Q: 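I have a structure here, written as C-alpha cells, and I will follow up with some questions on it.
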Amino acid sequence: MMNVVFVETLSGTELLQMVSHDMAGLLAAAQGESVTFPLGHFKYEFHNLDFYEENGEIRQELVIYVSKI
C-alpha cells in the first residue's frame, strides 16, 4: 500500500491524495488520454517516487504530475 498524490505541474496544487495497492495499474491509467478531477481534465506529464521519514519509519509516495487540458 502506498500514498499517491496527483499534483498540477505549473501551480503545484494538490488535486488528489489517495492510497493504492496497484501502483502499476494506477500509473498506466494516469498515462492514458486524460485524467478527470472535479477541477477539470488533465494530462499526465511525469511522476516521481518520493521517500520521506514519518515517526522514524521510511515511507514512499508516488507523485503524479499532470497539466490542465
Side-chain angles (χ1 to χ4, degrees):
M1 185 161 53
M2 184 186 303
N3 285 334
V4 179
V5 181
F6 286 86
V7 175
E8 202 281 318
T9 304
L10 294 178
S11 69
T13 301
E14 187 176 295
L15 301 170
L16 175 70
Q17 183 172 347
M18 60 186 285
V19 176
S20 178
H21 291 282
D22 184 11
M23 296 298 98
L26 187 60
L27 193 53
Q31 293 173 339
E33 187 173 321
S34 69
V35 181
T36 303
F37 297 99
L39 297 173
H41 299 286
F42 294 80
K43 180 85 175 147
Y44 171 88
E45 291 289 327
F46 62 96
H47 66 277
N48 285 334
L49 182 60
D50 292 342
F51 292 89
Y52 61 97
E53 185 176 342
E54 184 176 282
N55 298 326
E57 293 182 25
I58 300 295
R59 298 183 183 248
Q60 56 189 4
E61 177 175 82
L62 177 64
V63 182
I64 301 174
Y65 292 89
V66 294
S67 59
K68 192 158 185 145
I69 53 175

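Here the structure is a predicted model, which means the values were calculated and not measured. Nothing fancy with the numbering, it's 1 onward along the sequence.
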Q: Starting from M1, walk the hydrophobic network (Ile, Leu, Val, Met, Phe, Trp, Tyr; side-chain heavy atoms closer than 4.5 Å) and list everyone else you reach, by chain and number.
A: V19
Q: Going by salt bridge (Lys or Arg N to Asp or Glu O under 4.0 Å), name the residues that satisfy it together with E54, two or more places apart in sequence or in a different chain.
A: R59
Q: Say you draw a straight line from CG of L39 to NZ of K68; how long is it, rounded to the nearest 0.5 Å?
A: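 Going from the CG atom of L39 to the NZ atom of K68 covers 6.0 Å.
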Q: Side-chain contact, heavy-atom cut-off 4.5 Å: V35 with Y44?
A: no
Q: Using every non-hydrogen atom in the two residues, find where T9 and S67 come nearest and quote the distance to one decimal.
A: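 Closest approach of T9 to S67: OG1-N, 4.3 Å.
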Q: Distance from L15 atom CG to T36 atom OG1, nearest 0.5 Å?
A: 11.5 Å
Q: Could you pull out all residues at least two apart from I58 that satisfy side-chain contact (heavy atoms from CB on, under 4.5 Å)?
A: F51, E53
Q: How would you list all residue pairs meeting salt bridge (charged side-chain N to carboxylate O under 4.0 Å, His left out) that involve residues 20-49, not counting sequence neighbours?
A: none
Q: Are any of the side-chain heavy atoms of M2 and L49 separated by less than 4.5 Å?
A: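 When only atoms from C-beta onward are counted, L49 and M2 do touch, with a gap below 4.5 Å.
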Q: Report the residues that fulfil side-chain contact (heavy atoms from CB on, under 4.5 Å) with L16, sequence neighbours left out, ordered by chain and then residue number.
A: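 F6, M18, F37.
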Q: Using ring pair (Phe, Tyr, Trp, His ring centres under 6.0 Å) as the criterion, list what pairs up with Y52, not counting sequence neighbours.
A: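 In terms of ring pair (Phe, Tyr, Trp, His ring centres under 6.0 Å), with neighbours along the sequence ignored, Y52 is linked to no residue.
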Q: Quick one: closest heavy-atom pair of S20 and L26, and the distance?
A: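 It is CB-CD2, 4.1 Å.
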Q: Quick one, M23 and V4 - any side-chain contact, counting heavy atoms below 4.5 Å?
A: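 Of all side-chain heavy-atom pairs linking V4 with M23, at least one is under 4.5 Å.
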